[in-house]
Amino acid sequence: MSFDSFLTRTLNEKKSNELLRARATVTHVDGVNVAVAGHDGPLISFCSNDYLGLSQHPSLIEAAKKTLAEYGAGSGASHLVSGHSEHHKECEKQLADFTGRDAALLFSTGYMANMGVISALLDRNDAVFQDKLNHASLLDAAMLSRATLVRFRHGDVAHLDQLLTQSHAKKKLIAVDGVFSMDGDVAPLRELSKLAKKHNAWLMVDDAHGFGCMGEQGAGCVNSAGLTQDDVPVLMGTLGKAVGSFGAFVAGPQKLIDSLVQLARPYIYTTALPPSVAAATCASLKIIKNTQSLQRNLEKNIAYFKSHAARYNIALMVSDSAIQPVLIGDEKTVLALSHFLKEKGFWVVAIRPPTVPKGTSRLRITLSAAHTTEHIKMLLKHLGDALRKFERAM
Ligand SMILES: *Cc1c(COP(=O)(O)O)cnc(C)c1O
């Protein structure tokens, strides 16, 4: 097949299945008020993962600016060469304290953190047990490690128990999203921890969506489940969502972190984050730890959204997190709904396969501490109207 015909076929297939993806170009951001190229008027965004509205907090911006002036725009090298600054070091210390773990290691992205940990811990003689709805980066990490990927039904601990019993792998790792990114529900962490102990397996939690939002002072969903480093020895969190900065970390026993520095290729062979980004993260962690008002605001907005959705006959999924999806089913309708809401001034993204399983396309609404109740009320009103309109059309 020729290069050009392969690409043409790929794009045409996506297009004819309503699966072609396009990027909106953001031209202005002021909290949840954003402007997008090609769209007249401002939009209220309900699709960012900036759950606490911290990305534009003056303290983060100030910390980044100051560090930019001192260190320049880039770190210049990987952590093991000359890219590891005092800001990275301070950030790791804060993350370890915050999560109640011995040590933490900064990664450039969450995708790379997952790739790094799993490929460092496992090889072809091992198996990684993953929830069916895990994030793509955990699934891809399994491939990089060459370990056998065993997937269990979503949240189904009995199924996992069975699969662990059948496995003869040398090392066994259970890896789950703490809060599932497209569904918003929380993994049964306490049961998973018991099961891990029973089968002598290791437990890893990806807390991309819980860190900063849930648990004591925002320490995450592992903390809110009352679990410690002994129960969940591998904790991964991201810094580009509720923390409002960029990057990710793995926290756990000192020996885990020491081993990752030696073994994790997506850590070793990449340029360190700019020091200004690490400084912004440090500033954000201080705010999250010391002020509970943002978490309280987010919780209040989630509660308001859930109770008022019922008034507008909007069926929600089982989620208490900031991720509140509305299941639609087919791709065409979900795109039309997203478009309808945009015309009304609300930005809600349509999520389609392969990000979610076939037939489960959905609107993924994400709430932020920065939304007002009026924003949420208006979104629900328009969404209620849209659902009635499209139900009649279907
Ligand atoms: C966003 C996300 C990641 C990836 O993190 P990045 O820092 O954006 O690369 C990993 N896991 C989950 C569950 C996520 O939602």
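Both counts, for ligands and for their atoms, begin at 1 and track the order of listing. Note that the structure is a prediction, hence the values are computed from the model and not measured.
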Going by the atom numbers of ligand 1, which of them fall below 4.0 Å from some non-hydrogen atom of G110?
4 (C), 5 (O), 6 (P), 7 (O), 9 (O)
Report yes if S181 has an N/O atom closer than 3.5 Å to an N/O atom of ligand 1; otherwise report no.
no
Audit row: S321, S319, side-chain hydrogen bond (donor to acceptor under 3.5 Å, both in side chains) steps and yes/no:
CA-CA 6 Å; S321 71; S319 163; 3.2 Å; yes
Which atoms of ligand 1 sit under 4.0 Å from any heavy atom of S137?
10 (C), 11 (N)
Does the pair R190/D231 count as a salt bridge with the N-to-O cut at 4.0 Å?
no
At a 4.0 Å threshold, what atoms of ligand 1 neighbour a non-hydrogen atom of D206?
10 (C), 11 (N), 12 (C), 13 (C)
Part of H209 within contact of ligand 1 (heavy atoms, under 4.0 Å):
side chain
So, does A248 sit close enough to ligand 1 that a heavy atom of it is under 4.0 Å from the ligand?
no
Considering only protein heavy atoms, which is closest to atom 2 (C) of ligand 1, and at what distance to one decimal place?
K241 NZ, 2.4 Å
How does D177 reach ligand 1, if at all, at less than 4.0 Å between non-hydrogen atoms: by side chain, backbone, both, or neither?
side chain
With a 4.0 Å cut-off on N to O distance, would you call D156 and K132 a salt bridge?
no
Considering the heavy atoms of Y111, write down every atom of ligand 1 situated less than 4.0 Å from one of them.
4 (C), 5 (O), 6 (P), 9 (O)
Quick one: do E299 and R296 make a salt bridge, cutoff under 4.0 Å?
yes
Start with the C-alpha distance between S137 and H135, add both sets of side-chain angles, then the distance that settles side-chain hydrogen bond (donor to acceptor under 3.5 Å, both in side chains), and finish with yes or no.
CA-CA 5 Å; S137 55; H135 191 262; 2.7 Å; yes
Carefully, step by step, assess S145 and S119 under the rule side-chain hydrogen bond (donor to acceptor under 3.5 Å, both in side chains).
CA-CA 4 Å; S145 74; S119 65; over 6 Å; no
When you measure from the centre of the six-membered ring of F340, is the NZ or CZ of K342 closer than 6.0 Å and no more than 45° off the axis?
no
